[in-house]
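Presented below is the structure to which this report refers.
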Amino acid sequence: MTDTGALKKLQQALRRLPGVGPKSAQRMAFHLLERDREGGQQIAAALNQALNRIQKCCRCQNFSESELCVLCASPRRDPALLCVVENPADLAAVEQSGAYKGMYFVLMGHLSPLDGIGPEEMGIDKLHRLLESESIKEVILATNLTVEGQATADYLGEFVSRHKIPVTRLARGLPIGGELEYLDRGTVTQAFQDRKSIG
Ligand SMILES: [Zn+2]
C-alpha cells in the first residue's frame, strides 16, 4: 500500500512540470525506477541544490546564485540600456543573439489578471526604483508578441514614459504571437536592430 502511495506521489509531482500529462508522468516514473535509479538520485539532488541556492537577483529579478546576478555585476554591460523581458528563457534568447549588451529586467511573467498576475507580481516597484536611481537612457520592451505580452508592453510603455525615459519596442522581424525563446538568433537580432520608439 505504501509503495503504491510513493509511486502515485512521484507521478503527481512529475505532472506539475509544464507539458507533462498523466501518461508521460507514468513513463518517467517507471523509467527512473526501473532503468535509471542513479539518474533519479541526480535529478533529486540537482533539484534540491537549485531550490536551495537559486534566488532572484535583487536588481533584475533573474535567477541567480548570488544576491546580484552575473549580468548585473558585469562592468562590461552598458548601464544606459535596460531591456525588459518576460522570463529567463527570453533573456537567454536575447543573450544568444549577441545583439544586445545592456542590462535587463525580468518580469517573471506577463500581465494576466485572470491568473492573479498584476503589476505588483511582476516587480513593478523594483522597476520603478531602478528607473529612478539609475541613469537609464532607453528602455527596450522585449515582451513577447502574444496578446498578454502586448498588453504588458502597453502597460509598461506608459509606466516608463512617466519617468521621462525613451521607450522602444521590438517590432519588425518578430512574428505575431512570437515568443523570443523559440526564435532563431537572426530574427532576435533583427528585432533589436529594428526596435521602434513608442514613447
Ligand atoms: Zn541581475
Side-chain angles (χ1 to χ4, degrees), residues 18 46-112 115-146 148-170 174 178-183 185 187-189 191-193 195 198-199:
L47 190 57
N48 223 340
Q49 193 176 65
L51 290 172
N52 280 324
R53 289 192 190 171
I54 299 174
Q55 51 183 326
K56 281 187 188 177
C57 167
C58 65
R59 186 187 164 281
C60 74
Q61 304 200 112
N62 194 20
F63 291 136
S64 173
E65 286 196 38
S66 47
E67 208 182 331
L68 198 64
C69 77
V70 179
L71 282 172
C72 284
S74 169
R76 285 191 293 276
R77 310 292 301 198
D78 183 354
L81 294 174
L82 185 74
C83 176
V84 183
V85 292
E86 289 184 28
N87 53 56
D90 296 331
L91 185 154
V94 174
E95 277 301 292
Q96 277 155 23
S97 80
Y100 180 72
K101 291 286 172 242
M103 313 300 280
Y104 289 95
F105 188 79
V106 185
L107 301 167
M108 288 293 183
H110 47 235
L111 276 184
S112 182
D115 301 317
I117 302 175
E120 212 175 293
E121 285 69 29
M122 297 191 305
I124 207 77
D125 287 352
K126 211 176 261 177
L127 182 61
H128 171 73
R129 285 198 293 276
L130 211 68
L131 297 177
E132 292 277 289
S133 66
E134 297 185 20
S135 50
I136 293 160
K137 303 270 191 308
E138 179 185 346
V139 173
I140 302 157
L141 300 177
T143 54
N144 293 317
L145 284 190
T146 54
E148 297 88 353
Q150 196 55 51
T152 306
D154 290 344
Y155 171 83
L156 290 174
E158 208 171 294
F159 180 81
V160 176
S161 293
R162 270 185 260 141
H163 291 79
K164 311 242 180 305
I165 297 171
V167 196
T168 53
R169 171 93 172 108
L170 300 193
L174 278 190
E179 297 185 43
L180 289 179
E181 93 173 268
Y182 300 113
L183 297 174
R185 288 179 194 191
T187 308
V188 175
T189 303
F192 260 87
Q193 283 162 356
R195 63 187 188 264
I198 60 165

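Whatever order the structure lists ligands and atoms in, that order sets their numbers, starting from 1.
- Between the side chains of Q150 and T143, no donor-acceptor pair is found at a separation under 3.5 Å.
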Kindly list each side-chain donor-acceptor pair under 3.5 angstrom involving residues 95-108, sequence neighbours excluded, with atom names and distances?
residue: E95; atom: OE1; partner: R77; partner atom: NH1; Å: 3.1
residue: E95; atom: OE2; partner: R77; partner atom: NH1; Å: 3.4
residue: E95; atom: OE2; partner: R77; partner atom: NH2; Å: 2.7
residue: E95; atom: OE2; partner: Y104; partner atom: OH; Å: 2.5
residue: S97; atom: OG; partner: V94; partner atom: O; Å: 2.7
residue: S97; atom: OG; partner: A99; partner atom: N; Å: 3.1
residue: Y100; atom: OH; partner: L81; partner atom: O; Å: 3.2
residue: Y100; atom: OH; partner: C83; partner atom: N; Å: 3.0
residue: Y100; atom: OH; partner: M103; partner atom: N; Å: 3.2
residue: Y100; atom: OH; partner: M103; partner atom: O; Å: 2.6

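- Counting non-hydrogen atoms of neighbouring residues, nucleotides and ligands closer than 6.0 angstrom, the CD atom of E121 exceeds 12 such neighbours.
- At most 12 heavy atoms of other shown residues, nucleotides or ligands fall within 6.0 angstrom of atom CZ in F63.
- Tally of protein N, O or S atoms closer to the Zn ion (ligand 1) than 2.8 Å: 4.
- Smallest separation of non-hydrogen atoms from E86 and N144: OE2-N, 2.9 Å.
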I'd like to know whether L141 forms a side-chain contact (heavy atoms from CB on, under 4.5 Å) with V167, so could you lay out the CA-CA distance, the side-chain angles of the two residues, the decisive distance to 0.1 Å, and finally the verdict.
CA-CA 7 Å; L141 300 177; V167 196; 3.5 Å; yes
